[in-house]
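When a ligand or atom number is given, it counts from 1 through the structure's own listing order.
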Amino acid sequence: MARIFYVTTPIYYVNDLPHIGHAYTTIAADVLARYHRLAGAEVLFLTGTDEHGQKVQEAAREKEVAPQAHCDQMVVCFQELWKKLNISHDDFIRTTESRHKSVVQSILTTLYHQGDIYKTSYEGWYCIPDERFWTKKDLVNGCCPDCGRAVQQIKESNYFFRMSNYQQWLIKYIEDHEYFILPKTRRNEILGFLKQPLEDLCISRPRARLAWGIPIPFDTDYVTYVWFDALINYVTAPGYLNDNQRFSPLWENSLHLIGKDILTTHTVYWPTMLKAMGLPPPRTVFAHGWWTIEGQKMSKSLRNVVAPTMLIEEYGVDALRFFLLREGTFGLDSDFSHRALIHRINSDLANDLGNLLNRSLAMAIKYFNGSLPSPSPLEGVDERVREKAAQVVGAVEKHLNEIAFHKALDAIWELVSLTNKYIDETAPWSLAKASGNQERLATVVYTMLESLRSIALLLYPFIPSSAEKMWEALGITQPLRHQRLDTGTRWGSLVPGTVVTKIPPLFPRRES
Ligand code: MSP
């Protein structure tokens, strides 16, 4: 049976337009999905939108449209951006879809009947923008400890999930499963957080205060707390309660990519909810860092929110995809600047990769009329390229299994650099000048193009449309997306006689 890989992004709130932070996680998930497909796995890549709750209701009210109409308008912005970014998700879930609402309601009913949900009246301090209750001791200078904004004191009855019952189980689970929370620093952060007693989780909102949510099935005066509703999307889409045969293997191989700010919801709320439902936690939750913009926090008030569409128009989709995953370490914060992006384009993409492609194609055309020559037995210098190409396949696999995108790209760039160096050392232009070197020249040109074939294949998950253009320029007729890593990376797969063609620069140099 094929290996299974299930990857998710957070589902994005539709209160505002997508920004570079949303694009970041979605591109990262896309790279993993494409890579695992290439490696022969059966993949489910899920993304979607979080459409309930106060933020969305407020945004709709400001626009003076009904919440559902607002969601219907906003979801298109996300879907169109994913198209522009070449995102290859297999499913897109909206929490207002009936397939999701019915699963949420079934889960609520089950947990209520088994005693995991109860009603009580209590007093708390509520942060409207964060939609979170705090106790008095949580507050910092009387404000929300998370965002620092003012809180409102509220007394009401609500439904609670007995999260505290699962605290000891959760601690043990995290301790026993080294790869559940990644990176390690985040795992330690959560274990530290769990040293304090865990409170039960308020999972309802009175309809009188917030109408835009999934009705609580056993009490229509209430709607479901948006996080309790949203997290369930990860099991709705693969078929929980509807198609368990499909669901179970996917769930066992699940990976949630999230931003560091939503770590607690995913590694405390979610696994305890799942435990109550009789399901194991997702296999891994990986929390990535945040992007700052020219050293500053991205925020509407600073007017520095970076719109991905603008960057795509200015720099091209693959330059953006490449930059976001190459520039920083996935688990740490990174800084965006146009200067850094232009630098990456010029040095890595135009100089290293672009030049390698252009000069290799140009030499094949000049010396062999574009028709790929047959190589003779490889010499030591050629062997080094072949060995590197084989080694990089393993390195990319290792780094992507560890979700270290920049290291995977670094490994591919070792092959790019080595091949550029190989061309300089073997100097095909000199071989072409002297007579009697035709066989050697053929081997050198074959070796550089064969290396480029491996490079295109390995780069496909990262920069799919550029890799496809490279593939076509190499004259390979079987589509790149149908390739498999194991057979595709076998040295010598380029068939002599294949006709290569020159193409315009994939990544033109930019003025810095
Ligand atoms: N709807 C919830 C997620 C529910 S998942 C069951 C949500 N949505 S969000 O639209 O506000 O944020 C989505 C993601 O964007 C989060 O993972 C968050 O970390 C990420 N980012 C928001 N700003 C960011 C940066 N400046 N940089 C990187 N990612 C950022 O939270």
Side-chain angles (χ1 to χ4, degrees), residues 7-29 46-59 71 74-75 77-78 81-82 92-96 100 103-104 107 129-132 146-147 186 203 212-214 224-237 254-271 273-274 281-282 285-302 304-308 311 320 323-325 327-337 405:
V7 62
T8 67
T9 72
I11 48 172
Y12 304 110
Y13 284 129
V14 288
N15 59 329
D16 215 337
L17 293 170
H19 57 58
I20 195 175
H22 305 125
Y24 185 42
T25 333
T26 313
I27 292 169
L46 174 71
T47 188
T49 40
D50 194 351
E51 304 193 351
H52 292 123
Q54 193 112 20
K55 283 188 218 249
V56 176
Q57 180 173 292
E58 291 290 317
C71 295
M74 293 300 291
V75 71
C77 306
F78 286 86
L81 177 60
W82 302 155
F92 186 102
I93 191 161
R94 301 179 59 185
T95 52
T96 51
H100 177 68
V103 172
V104 171
I107 292 171
D130 280 357
E131 297 180 48
R132 281 185 70 169
D146 237 22
C147 69
R186 301 291 171 204
I203 54 124
W212 187 234
I214 299 179
T224 312
Y225 170 46
V226 66
W227 270 104
F228 193 91
D229 153 2
L231 289 160
I232 289 173
N233 92 86
Y234 299 132
V235 294
T236 303
S254 50
L255 164 67
H256 296 331
L257 297 184
I258 60 164
K260 63 179 184 180
D261 57 319
I262 53 176
L263 183 67
T264 315
T265 50
H266 281 79
T267 58
V268 178
Y269 297 6
W270 185 219
M273 285 165 64
L274 287 160
V285 177
F286 192 108
H288 65 67
W290 268 38
W291 284 89
T292 50
I293 310 300
E294 314 258 356
Q296 283 188 305
K297 195 172 176 222
M298 182 163 60
S299 89
K300 262 189 160 175
S301 53
L302 290 176
N304 65 353
V305 177
V306 176
L311 295 179
L320 176 61
F323 173 79
L324 290 178
L325 295 183
E327 187 66 6
T329 301
F330 197 55
L332 302 177
D333 291 349
S334 312
D335 188 51
F336 175 88
S337 71
F405 299 101

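- Residue-to-ligand polar distances keep Tyr12 apart from ligand 1: every N/O pair is separated by 3.5 Å or more.
- For atom 3 (C) of ligand 1, the closest non-hydrogen atom on the protein side is Ile11 O, 3.2 Å.
- The aromatic rings of His22 and Tyr12 lie perpendicular to each other, with more than 60° between the two planes, well past the 30° mark.
- Closest to atom 18 (C) of ligand 1 among all protein heavy atoms lies Asp261 OD1, 3.3 Å.
- At the top of the distance list for atom 8 (N) of ligand 1, counting protein heavy atoms only, stands Tyr13 CD1, 3.3 Å.
- Residues Thr96 and Glu51 have side chains that bring a donor and an acceptor to within less than 3.5 angstrom of each other.
- Thr9 contributes no side-chain N or O that, together with a main-chain N or O of Thr47, makes up a donor-acceptor pair within less than 3.5 Å.
- An N or O contact shorter than 3.5 Å is missing between Asn233 and ligand 1 by distance.
- Panel note: side chain Asn304, backbone Lys297; a donor-acceptor pair is recorded below 3.5 Å.
- Closest protein heavy atom to atom 23 (N) of ligand 1: His19 CE1, 3.3 Å.
- By the 30° and 60° cut-offs, the orientation of the rings of Phe336 relative to Trp291 is perpendicular.
- Looking only at heavy atoms of the protein, atom 17 (O) of ligand 1 is closest to Gly259 N, 2.9 Å.
- Taking a cutoff of 4.0 Å between a charged side-chain nitrogen and a carboxylate oxygen, Asp50 and Lys55 do not qualify as a salt bridge.
- Checking atom 20 (C) of ligand 1 against the protein gives no heavy-atom contact under 4.0 Å.
- Between Trp270 and ligand 1 there is no heavy-atom distance shorter than 4.0 Å.
- Taking the centre of each ring, Tyr234 and His266 come in below the 6.0 Å mark.
- In this structure, Ile20 CD1 and Leu311 CG are separated by 5.5 Å, a value rounded to the nearest 0.5 Å.
- Close approach to Met298 involves these atoms of ligand 1, each under 4.0 Å from a residue heavy atom: 26 (N).
- Remark: the backbone N or O of Trp290 is paired with a side-chain donor or acceptor of Asp333 at under 3.5 angstrom.
- Annotation for ligand 1: atoms under 4.0 Å from non-hydrogen atoms of Asp50 are 1 (N), 2 (C), 4 (C).
- Interface of Gly289 with ligand 1, defined as ligand atoms under 4.0 Å from a residue heavy atom, comprises 28 (C).
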Criterion side chain to side chain contact (heavy atoms under 4.5 Å, CB included) on Ile214 and Tyr225, from CA distance to verdict: CA-CA 8 Å; Ile214 299 179; Tyr225 170 46; over 6 Å; no

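- Nearest to atom 15 (O) of ligand 1 among the protein's heavy atoms is His22 CD2, 3.6 Å.
- Residue contacts with ligand 1 for His288 involve side-chain atoms from C-beta outward but no N, CA, C or O (heavy atoms, distance under 4.0 Å).
- Counting the atoms of ligand 1 from 1 in the order shown, those under 4.0 Å from a heavy atom of Ala230 are 6 (C).
- Looking at atom 6 (C) of ligand 1, its nearest protein heavy atom turns out to be Tyr234 OH, 3.6 Å.
- Contact atoms of ligand 1 toward His266: 5 (S), 6 (C) (distance under 4.0 Å to a heavy atom of the residue).
- In terms of protein heavy atoms, atom 27 (N) of ligand 1 is closest to Trp291 N, 2.9 Å.
- In this structure, Leu231 CG and Leu274 CG are separated by 8.5 Å, a value rounded to the nearest 0.5 Å.
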